[in-house]
Amino acid sequence: MPISPDPGPGTRVEIILTGDGSYNELRKWLRGDEDLDGVRVDTVEAPPLPGQMSGGAVEALIATVADPGLLGALFGAVGGWAAARASTRRTRIRVKVGDREVEVEGPALRDPEAVARRLRAELGEAP
């Protein structure tokens with residue numbers, strides 16, 4: 001499990017991509033969404049390998065949601081990003097809130113509303 005510094009108060013949402021997922025692309029998408037003004041998005045880098053001075057590739061994004069009411073907007077934005085690229089790239093998205101986790105991949109990613117509904121149903125608007 002990726003480890004990050006304490007992001008401060010709020011709900012911590014961990015987003016993990018596998019396949020052809022671009023953390024920088026998703027991070028830019030989330031930061032550009034004006035509905036997510038109360039959400040902080042940080043990257044978590046893999047620890048440095050022996051002999052390296054700095055960390056490795058990005059392992060996850062951590063979104064810190066200060067207002068639990070913004071969880072739905074975050075889930076909708078993740079669904080929108082996935083749908084925008086689902087026809088050209090194969091990506092699997094795993095989203096964790098506390099001890100709850102949802103994984104979405106394949107054709108399910110093509111419907112942003114269905115992705116957001118599933119994340120809301122299984123992870124809740126507010127934990």
Side-chain angles (χ1 to χ4, degrees):
M1 180 172 164
I3 299 170
S4 69
D6 179 11
T11 302
R12 184 178 187 265
V13 179
E14 185 174 329
I15 304 167
I16 301 167
L17 305 175
T18 56
D20 188 17
S22 168
Y23 286 106
N24 290 331
E25 200 178 282
L26 177 55
R27 184 177 184 212
K28 184 177 178 181
W29 179 281
L30 296 175
R31 286 186 166 182
D33 189 326
E34 59 191 41
D35 291 336
L36 300 178
D37 283 343
V39 177
R40 179 178 156 188
V41 181
D42 296 303
T43 57
V44 178
E45 291 186 4
L49 296 172
Q52 286 184 332
M53 295 296 288
S54 62
V58 175
E59 285 191 337
L61 290 181
I62 301 297
T64 306
V65 183
D67 176 358
L70 290 175
L71 278 175
L74 175 63
F75 297 154
V78 169
W81 175 81
R85 60 198 313 280
S87 65
T88 59
R89 299 183 186 156
R90 186 173 184 174
T91 303
R92 179 182 311 151
I93 300 174
R94 197 165 32 128
V95 181
K96 297 170 69 174
V97 176
D99 61 351
R100 295 168 291 161
E101 181 176 321
V102 173
E103 189 170 289
V104 186
E105 66 180 314
L109 292 175
R110 292 188 180 139
D111 183 348
E113 292 174 10
V115 171
R117 275 193 309 272
R118 180 166 176 214
L119 293 174
R120 280 193 287 269
E122 295 187 36
L123 299 174
E125 292 276 340

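Just so you know, residue 1 is the first one in the sequence shown, and it goes up from there.
Closest of all the heavy-atom pairs between Ala63 and Val39 is CB-CG1, 3.9 Å. Summarising the geometry of Ala77 relative to Leu30, their closest heavy-atom pair is CB-CD2, 3.6 Å, with the distance given to 0.1 Å. Here the closest non-hydrogen pair linking Gly79 and Val115 is CA-CG1, 3.7 Å.
Distance check: Glu14 CD to Ile62 CD1 gives 4.5 Å after rounding to the nearest 0.5 Å. Atom-to-atom distance recorded for Arg117:CZ and Leu119:CG is 11.0 Å, nearest 0.5 angstrom. Taken from OG1 in Thr91 to CD in Glu105, the straight-line distance is 10.0 Å, to the nearest 0.5 Å. A distance of 9.0 Å separates CD1 of Ile15 from CH2 of Trp81, quoted to the nearest 0.5 Å. With values rounded to the nearest 0.5 angstrom, Leu17 atom CG is found 6.5 Å from Leu61 atom CG. The line from CZ of Arg31 to NZ of Lys28 is 12.0 Å long, rounded to the nearest 0.5 Å.
Looking at Leu123 and Leu71, their side chains never come closer than 4.5 Å, going by heavy atoms from C-beta outward.
Salt-bridge formation is not detected for the pair Arg100/Glu122: no Lys NZ or Arg NE/NH1/NH2 atom is positioned less than 4.0 Å from an Asp or Glu carboxylate oxygen.
Of the possible polar contacts, one joining the Arg118 side chain to the Glu103 backbone as a donor-acceptor pair under 3.5 Å is found. A side-chain donor-acceptor contact under 3.5 Å links Tyr23 to the backbone of Glu59. In this structure, the side chain of Arg92 does not engage the main chain of Thr18 through any donor-acceptor pair within 3.5 Å. Between the Arg120 side chain and the Phe75 main chain, no donor and acceptor come within less than 3.5 Å of each other.
Taking a 6.0 Å sphere around CD of Glu101, one finds it holds more than 12 heavy atoms contributed by other residues, nucleotides or ligands.
Under the side-chain contact (heavy atoms from CB on, under 4.5 Å) criterion, Asp67 pairs with Leu70, not counting sequence neighbours.
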